[in-house]
Number of protein chains: 2
Amino acid sequence: MSPGHPDLPALGLQACAEPSPCVEVKDVLARVGDKWSLYVVVNLHAGPLRFNELKRRIDGVSQRMLTLTLRGLERDGLVSRTVYPTQPPSVTYELTASGQTLLRPVAALVRWAQAHRDDIEQSRHAFDAQHPHAHTSGA
Amino acid sequence: MSPGHPDLPALGLQACAEPSPCVEVKDVLARVGDKWSLYVVVNLHAGPLRFNELKRRIDGVSQRMLTLTLRGLERDGLVSRTVYPTQPPSVTYELTASGQTLLRPVAALVRWAQAHRDDIEQSRHAFDAQHPHAHTSGA
DNA sequence: CCGAATCCTGATTGATACTG
DNA sequence: CAGTATCAATCAGGATTCGG
């Protein structure tokens, strides 16, 4: 029955079939999948940035959300926060070693997204066409 | 100043520094990062499953959320739905070719999560310890 | 300049009940 | 068995305002 599935179990995914042993993944996805974390991490990949510089680059993020995102990232040890007691105060954020390693798997996902963008777009269009009652919302 | 950053730009991430050109990624993360899609995809990796079988396996998912998740996945062409007009009706869900390819980058993320689980856990604990005002919530 | 606190809105989710 | 509909609760996110 099984078509030509490559054996994914070898990738360590079978351990993730149930919610309980898979909390770690939810964790990661919650961190990287939220609205802004990814942008912060990516923008920080080239070196430290100050708060408002980050805010200017991400443009669209509210200061509240940027603060919360940075706090979350900092809490998880993905980003470090450095305060320079100047006048006015200056604070910079930088990727930690962990934060840098995260970029790699994220990049894989990005590549997948780019490769399948058209397929998905097309698929959605086709699907919406034959499902009149606009529940287009994804899960 | 830049520490030993591997050149991430080569990974195609620099194109993602700003929201606009990065919609695709948000898309993917929205699909895979939501509460249940990942479980569905992973559970389907070994072959087709019926609705309630899926529901039983994921346990914790409400039938509503499973339906919505499957619809979203189907809409994006990641999962296919097959109806057998038996009595009672039987419906099976299966990963499409696209859906199968998604497992690979996801696995990379899973591996990262597993590898950094302890660091993150520890980091959170340390962070919470010196931040009394329980905003433990991540961003 | 950095960022914390408050208020308010809308999207997500879950429980329950009902239909084919 | 598979799926939909409705309702209520929760939560994330944005605008604004105040403090160090």
Side-chain angles (χ1 to χ4, degrees), chain A residues 19 26 29-40 44 48-75 79-94 127 131-139, chain B residues 19 26-27 29-40 44 48-75 79-94 127 130-139:
Chain A
K26 303 299 312 269
L29 292 175
R31 168 68 43 232
V32 121
D34 79 338
K35 213 170 177 180
W36 304 111
S37 292
L38 181 67
Y39 297 137
V40 171
L44 249 29
L49 288 178
R50 298 182 53 175
F51 185 87
N52 277 336
E53 212 168 317
L54 217 33
K55 183 169 182 302
R56 225 172 295 124
R57 290 197 185 201
I58 299 186
D59 194 79
V61 69
S62 65
Q63 151 209 54
R64 171 193 154 88
M65 277 305 109
L66 183 53
T67 300
L68 287 179
T69 301
L70 285 168
R71 286 255 271 171
L73 255 16
E74 189 193 355
R75 185 167 102 101
V79 159
S80 66
R81 178 176 181 271
T82 310
V83 183
Y84 298 99
T86 61
Q87 189 54 265
S90 157
V91 181
T92 68
Y93 294 89
E94 182 174 16
F127 186 92
H131 291 256
H133 33 7
H135 272 120
T136 84
S137 83
Chain B
K26 304 297 314 270
D27 244 33
L29 292 176
R31 169 68 43 234
V32 122
D34 78 338
K35 213 171 177 180
W36 304 110
S37 291
L38 181 67
Y39 296 138
V40 170
L44 249 28
L49 287 179
R50 298 179 56 172
F51 185 87
N52 277 336
E53 212 168 317
L54 216 34
K55 182 170 184 301
R56 226 172 293 123
R57 289 196 186 203
I58 300 185
D59 194 80
V61 69
S62 65
Q63 122 216 73
R64 171 192 154 86
M65 276 306 109
L66 183 53
T67 299
L68 288 178
T69 301
L70 285 168
R71 287 257 270 171
L73 257 15
E74 189 193 354
R75 185 167 104 100
V79 159
S80 67
R81 178 175 180 270
T82 310
V83 182
Y84 298 99
T86 61
Q87 189 53 266
S90 158
V91 181
T92 69
Y93 293 89
E94 183 174 15
F127 187 91
Q130 57 188 213
H131 291 257
H133 33 5
H135 271 120
T136 84
S137 82

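By convention in this document, chain letters (A, B, ...) are assigned in the order of the sequence lines, proteins followed by strands, and residues within each chain are numbered from 1.
- Between A:H131 and A:F127, the two ring planes are parallel [angle under 30°; tilted spans 30° to 60°].
- If you measure from atom CG of A:L49 to atom P of C:dC1, you get 15 Å, rounded to the nearest angstrom.
- Atom NZ in A:K55 sits roughly 11 Å away from atom C1' in D:dG14 (whole-Å rounding).
- For the pair B:L68 CG and D:dA2 P, the interatomic distance rounds to 17 Å; values are reported in whole Å.
- Distance from the side chain of B:W36 is smallest for C:dG14 among the nucleotides C:dC1, D:dC1, C:dG14.
- The side chain of A:R64 sits closest to D:dG14 out of D:dG14, D:dC1, C:dG3.
- Across the protein-nucleic acid pair, B:E53 atom CD and D:dA2 atom P stand 9 Å apart, rounded to whole Å.
- Taking the side chain of A:M65 as heavy atoms from C-beta on, and the options C:dA4, D:dA2, D:dG13, the nearest nucleotide is D:dG13.
- By the 4.5 Å heavy-atom criterion applied to side chains, A:L44 and A:E94 are not counted as neighbours.
- To the nearest angstrom, C1' of D:dG20 lies 10 Å from CD of A:Q87.
- The side chain of A:S62 has D:dA15 as its nearest neighbour among D:dA15, D:dC1, C:dG3.
- For B:L66 and C:dT13, the CG to P distance is 13 Å, given to the nearest whole Å.
- Taking 4.5 Å as the limit, some side-chain heavy atom of B:S37 sits within range of a side-chain heavy atom of B:L73.
- If you check C:dG14, D:dA15, C:dC2 against the side chain of B:K35, the one that comes closest is C:dG14.
- Distance, A:R81 CZ to C:dC1 C1': 12 Å, rounded to whole Å.
- Whole-Å rounding puts the B:Y84 OH to D:dC1 P distance at 18 Å.
- If you check distances only, the side chain of A:Q63 does reach the base of C:dA4 with a donor-acceptor pair under 3.5 Å.
- Where B:V83 and A:V61 meet DNA chain D, the nucleotide closest to each residue was compared, and B:V83 sits on the side nearer the 5' end.
- Backbone-only engagement by B:Y93 is indicated by non-hydrogen atom pairs under 4.0 Å involving sugar-phosphate atoms exclusively.
- Counting heavy atoms from C-beta outward, B:L66 and B:Q63 have side chains that stay 4.5 Å or more apart.
- For the pair B:Y39/B:V61, no side-chain contact is recorded, criterion being any heavy-atom separation below 4.5 Å from C-beta on.
- For B:N52, the listed nucleotide lying nearest its side chain is D:dC1; candidates were D:dC1, D:dG14, D:dG20.
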